[in-house]
J.: 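Could you have a look at this structure, given as structure tokens, before my questions?
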Amino acid sequence: KEKEKQTKLKEKVEKLENEILLLKTQNNELEKIGKLKMSGVFDIEKEYNELRIEFEKLKNDLLIELEQVRTIWNERWEKRKTQIDDEWRAKIKSTDLQALESEKKID
């Protein structure tokens, strides 16, 4: 009877040892998966940061271009405005001269 108890205990011990070994194996696998996932997270974070830097550079380049376009537009507008003003002054002078000549003819 004692031997039977020892055999059962030995079987339980072996069964528990096998379960422990299985749990250790599963734990190692989970650790590997966890490391891979963390590695993936770091890769994604690195890629995000690189894209963010690229976005900021493009945004700054576009702002510089926009400012250049504004400057060119303002310069052209000022030239055109001056041209229009000059044309109107010339027309007014011409009209004034014609009016004066007409008055002289009437007199």
Side-chain angles (χ1 to χ4, degrees):
K1 209 169 192 179
E2 190 64 34
K3 203 169 188 174
E4 199 175 297
K5 278 185 181 179
Q6 283 181 350
T7 304
K8 282 187 179 181
L9 279 174
K10 190 175 181 182
E11 286 173 0
K12 282 185 181 181
V13 167
E14 284 177 5
K15 185 177 179 184
L16 288 173
E17 285 174 344
N18 286 335
E19 284 182 26
I20 289 171
L21 186 60
L22 180 64
L23 288 172
K24 281 183 179 180
T25 303
Q26 288 174 344
N27 187 45
N28 287 340
E29 290 300 314
L30 287 173
E31 284 180 3
K32 286 178 190 175
I33 291 170
K35 286 177 186 175
L36 284 174
K37 283 186 179 179
M38 287 307 294
S39 173
V41 168
F42 292 135
D43 290 345
I44 290 169
E45 188 175 19
K46 180 182 173 189
E47 187 176 345
Y48 169 80
N49 289 332
E50 289 170 356
L51 288 172
R52 187 83 187 141
I53 290 167
E54 188 177 337
F55 168 78
E56 288 297 325
K57 183 185 177 307
L58 288 172
K59 183 178 85 172
N60 291 336
D61 290 349
L62 283 174
L63 288 174
I64 289 168
E65 271 188 59
L66 177 63
E67 195 54 40
Q68 290 170 345
V69 167
R70 270 194 194 129
T71 302
I72 292 168
W73 172 258
N74 287 337
E75 288 171 359
R76 287 182 181 173
W77 170 244
E78 286 300 319
K79 285 179 186 175
R80 182 68 181 127
K81 197 168 89 173
T82 302
Q83 182 185 4
I84 291 170
D85 288 347
D86 291 347
E87 288 172 3
W88 272 104
R89 282 189 202 101
K91 283 181 184 179
I92 290 169
K93 281 183 183 179
S94 171
T95 304
D96 288 348
L97 285 175
Q98 286 175 358
L100 282 174
E101 286 177 10
S102 294
E103 283 179 21
K104 284 182 185 177
K105 287 181 183 176
I106 294 174
D107 290 342

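These numbers come from a predicted model, not from an experiment.
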J.: Taking the side chain from S94 and the backbone from A90, do they hold a donor-acceptor pair closer than 3.5 Å?
T.: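 No; judged by distance alone, with no hydrogens or angles, the pair does not exist.
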
J.: With a cut-off of 3.5 Å and sequence neighbours excluded, list every side-chain donor-acceptor pair involving residues 59-70.
T.:
residue	atom	partner	partner atom	Å
K59	NZ	E56	OE1	3.4
N60	ND2	E56	O	3.3
D61	OD2	K57	NZ	3.2
E67	OE1	R70	NH1	3.4

J.: Distance check, rounded to the nearest 0.5 Å: E101 atom CD versus Q98 atom CD?
T.: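 The CD atom of E101 sits 7.5 Å away from the CD atom of Q98.
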
J.: Looking at R89 and D86, does any basic side-chain N land under 4.0 Å from a carboxylate oxygen?
T.: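 Salt bridge present between R89 and D86.
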
J.: Applying side chain to side chain contact (heavy atoms under 4.5 Å, CB included), run through K1 and K5 and close with a yes or a no.
T.: CA-CA 6 Å; K1 209 169 192 179; K5 278 185 181 179; 5.5 Å; no

J.: Run the numbers on L36 and K32 for side chain to side chain contact (heavy atoms under 4.5 Å, CB included), then give the verdict.
T.: CA-CA 6 Å; L36 284 174; K32 286 178 190 175; 5.5 Å; no

J.: With a 4.5 Å cut-off on side-chain heavy atoms, are L22 and Q26 touching?
T.: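 They are in side-chain contact.
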
J.: Supply the atom-to-atom distance L9 CG to L16 CG, rounded to the nearest 0.5 angstrom.
T.: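 Here the rounded value is 10.5 Å.
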
J.: Quick one: are K35 and S39 in side-chain contact, heavy atoms under 4.5 Å?
T.: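 Side chain of K35 against side chain of S39, heavy atoms only: no contact under 4.5 Å found.
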
J.: List the steps, then state whether salt bridge (Lys or Arg N to Asp or Glu O under 4.0 Å) holds for K8 with E11.
T.: CA-CA 5 Å; K8 282 187 179 181; E11 286 173 0; over 6 Å; no

J.: Decide if atom CD of E47 counts as having more than 12 heavy atoms of other residues, nucleotides or ligands within a radius under 6.0 Å.
T.: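 Result for CD/E47: open.
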
J.: For E4, does the CD atom sit with more than 12 other heavy atoms under 6.0 Å from it, leaving out its own atoms?
T.: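 No, because the 6.0 Å sphere around CD of E4 holds 12 heavy atoms or fewer from other groups.
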
J.: Could you tell me whether K81 and E78 have a side-chain N and a carboxylate O separated by less than 4.0 Å?
T.: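 Salt bridge between K81 and E78, a charged N being under 4.0 Å from a carboxylate O: yes.
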
J.: As an exercise, state the distance from CG of N27 to CG of L23, rounded to the nearest 0.5 Å.
T.: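 If I round to the nearest 0.5 Å, the distance is 8.5 Å.
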
J.: Return the CD1 to CG distance between I44 and L51, rounded to the nearest 0.5 Å.
T.: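 Between atom CD1 of I44 and atom CG of L51 there are 11.5 Å.
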
J.: Please round to the nearest 0.5 Å and tell me the distance separating atom CD of E31 and atom CE of M38.
T.: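 With rounding to 0.5 Å, CD (E31) is 13.5 Å from CE (M38).
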
J.: Would you say that K10 contacts Q6 through its side chain, given a criterion of any heavy-atom pair below 4.5 Å between the two side chains?
T.: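 No - every pair of side-chain heavy atoms lies 4.5 Å or more apart.
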
J.: Assess whether atom CD of E54 is packed by more than 12 heavy atoms of other residues, nucleotides or ligands within 6.0 Å.
T.: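 Counting neighbours around CD of E54, 12 or fewer heavy atoms of other residues, nucleotides or ligands fall under 6.0 Å, so no.
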
